[in-house]
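In listed order, ligands and their atoms are each counted from 1. This one's a predicted model, so the numbers in the text were calculated from it and none came from an experiment. Position 1 is the first residue of the sequence; numbering continues from there.
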Amino acid sequence: MLTLGIESSCDDTAVAVLRGDREVLYDLISSQTARHAEFGGVVPEFAARMHQEAILPLLAAGGIKDGMFRGERLDLIAVTRGPGLMGSLLVGVLTAHALSRAWDVPLIGINHIEGHVFANILAHSELEMPFLSLIVSGGHTEILLVEAPCKYRLLGGTRDDAAGEAFDKAAKLLGLPYPGGPEIDRLAKQGDARAFDFPIPLKNTNVVEFSFSGLKTALLWRVKQLGGGRLPVNDLCASFQRCVVECLINKLELAVRQTGVKRVAASGGVAANGALRDALLSSDKWSAFVPPARYCTDNAAMIAAAGAARHARGFSTPFPFAPDPSLELEAAAV
Ligand code: KG4
Ligand code: ZN
């Protein structure tokens, strides 16, 4: 069973070919990050145009043509249907429709969040279900209970900014380049994480919910207070990062207490963060799973894996389908 995965929901164009559940045969990503950096963030219209330039060359580079991958017939095409940026999603979804029709290969639409869950299933054959999935990216901060493949319960999410967005905004106000997460991660290594105390939002509430906008404002005030001159950027980065990680770990601990599930898997761009990975992997409250950095950020192998799992369980998406920028993760029955 060969699945072609296509991902274009934000600013990475990605194409992958997967055999069965886990064998990644081809996996290529065309990143637009450097092109958006000069604007300090993703410019949606620009992103859509760059997806359009990248997508056919990515397929060609993999030797994917006429419904075949290097001489072997493709059995399924899986494409990210949402959530994401409308213009970006359109490129992937329309390309996938055209290929599906022209090659007579079935097409399935995948929720991007479900894709991030599958990044862990793909990377860890030993990961048993049920497990808790922490999705932390530029657009999402959610904890899901994964009861079985394709069967999820949303335990909670963010009230305002996503964790990655908080990193990016914090970096911006410290004068650091976009994307801010990796930059804060890097500078925090040379800083004192206890130099500044920022409030840990929703710390003592009994709900699995996050809020990061207050933390960002606290950082802003602290920067103003410190006045002009040279800012202790490394200490500010380390302290801010410690607080974001504490928020995430606190709520994971609550989710473990509420569900009794002691396996935790993290994915999404922020799961590449060194301090978060250390905190997850060193906790004695759970066994932690984090995919390699390549599968934390957006990629098409995870979309192909989710597609193959859905297809194997008899799910399909009525053809044709439109992109849905605010697609909800349905709690599918198995
Ligand atoms: O999953 P992703 O590649 O794209 C989305 O679906 O959003 O996540 C990108 C986000 C950005 O906000 C970026 O700053 C953050 O992930 N990120 C990090 C790190 N690497 C990427 N945040 C903290 N530490 C990192 N090492
Ligand atoms: Zn993502």
Side-chain angles (χ1 to χ4, degrees), residues 5-14 16 29-34 36-37 40-42 44 47 51 79-85 88-89 92 110-120 122 133-142 144 157-158 161-174 176-189 191 193 210 212 215-216 237-238 240-248 266-280 290-303 305-306 325-327 329:
I6 298 176
E7 156 66 37
S8 72
S9 64
C10 187
D11 62 343
D12 290 309
T13 327
I29 300 169
S30 167
S31 170
Q32 307 175 354
T33 307
H36 290 290
V42 177
H51 283 306
V79 65
T80 303
R81 183 180 185 182
L85 300 170
S88 293
L89 289 165
I110 295 299
N111 184 302
H112 182 78
I113 301 302
E114 181 170 33
H116 279 301
V117 172
F118 270 86
N120 268 302
L122 183 67
S133 178
L134 172 72
I135 315 277
V136 270
S137 70
H140 297 272
T141 302
E142 269 137 41
L144 307 175
T158 180
D161 293 348
E165 195 179 355
F167 272 110
D168 294 340
K169 287 178 175 171
K172 198 168 192 172
L173 67 90
L174 291 172
L176 304 173
Y178 172 86
E183 201 63 22
I184 289 184
D185 192 357
R186 191 175 66 79
L187 296 176
K189 291 191 174 74
F210 303 94
F212 294 106
L215 192 54
K216 178 195 62 197
C237 286
F240 179 82
Q241 176 175 276
R242 173 180 58 80
C243 293
V244 173
V245 170
E246 266 183 55
C247 291
L248 298 171
S267 59
V270 181
N273 181 268
L276 177 60
R277 291 171 90 97
D278 289 347
L280 285 167
V290 190
R294 178 176 183 79
Y295 292 135
C296 284
T297 46
D298 291 347
N299 65 88
M302 68 185 193
I303 302 301
S326 47
L327 186 66
L329 185 69

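For atom 4 (O) of ligand 1, the nearest non-hydrogen atom of the protein is D298 OD2, 3.3 Å. Nearest protein heavy-atom neighbour of atom 24 (N) of ligand 1: N273 ND2, 3.0 Å. Of the protein's non-hydrogen atoms, the one nearest atom 15 (C) of ligand 1 is V270 CG2, 4.0 Å.
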Apply side chain to side chain contact (heavy atoms under 4.5 Å, CB included) to D161 and K216, showing your working. CA-CA 9 Å; D161 293 348; K216 178 195 62 197; 3.2 Å; yes
Taking it one step at a time, do N273 and Q241 satisfy side chain to side chain donor-acceptor pair (under 3.5 Å)? CA-CA 9 Å; N273 181 268; Q241 176 175 276; 2.9 Å; yes
Worked verdict on Y295 versus S267 for side chain to side chain contact (heavy atoms under 4.5 Å, CB included): CA-CA 8 Å; Y295 292 135; S267 59; over 6 Å; no
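Proximity of D185 to ligand 1, defined as any heavy-atom pair under 4.0 Å, is confined to the side chain (atoms from C-beta onward). With a heavy-atom cut-off of 4.0 Å, D168 touches ligand 1 through its side chain alone. Only the side chain of H112 comes within 4.0 Å of ligand 1, counting heavy atoms alone; its backbone N, CA, C and O stay farther away.
No salt bridge links D168 with K172; every basic N to acidic carboxylate O contact stays at or beyond 4.0 Å.
In summary, the side chains of T13 and H51 do present a donor paired with an acceptor at a separation below 3.5 Å, with no hydrogens or angles considered. Using modelled atom types and a 3.5 Å distance limit, the side chains of H112 and D298 yield a donor-acceptor pair.
When the heavy atoms of P182, G164, G269 are ranked by distance to atom 2 (P) of ligand 1, first place goes to G269. For atom 22 (N) of ligand 1, the candidate residues are A162, G115, G181, A293; the nearest heavy-atom contact is made by G181. Distances from atom 7 (O) of ligand 1 to the heavy atoms of S31, A171, G138 show the closest one on G138.
Contact detail for D11 and Y178: the closest heavy-atom pair is OD2-OH, 4.0 Å. A pairwise comparison of heavy atoms in S9 and P83 identifies CB-O, 3.7 Å as the closest pair. A171 and G180 get closest at one heavy-atom pair: CB-CA, 3.3 Å. Of all heavy-atom pairs spanning T33 and S31, the tightest one is OG1-OG, 2.9 Å.
Note on ligand 1: H116 sits in its first shell, one or more heavy atoms being nearer than 4.0 Å. Taking a 4.0 Å cut-off on heavy atoms, G139 registers as neighbouring ligand 1.
The distance from the Zn ion (ligand 2) to the nearest N/O/S atom of C10 is not under 2.8 Å. When distances to the Zn ion (ligand 2) are checked against a cut-off of 2.8 Å, H140 contributes no N, O or S atom below that limit.
Set against the non-hydrogen atoms of A272, the atoms of ligand 1 under 4.0 Å away are 26 (N).
Atom OD1 is the N/O/S atom of D298 found closest to the Zn ion (ligand 2).
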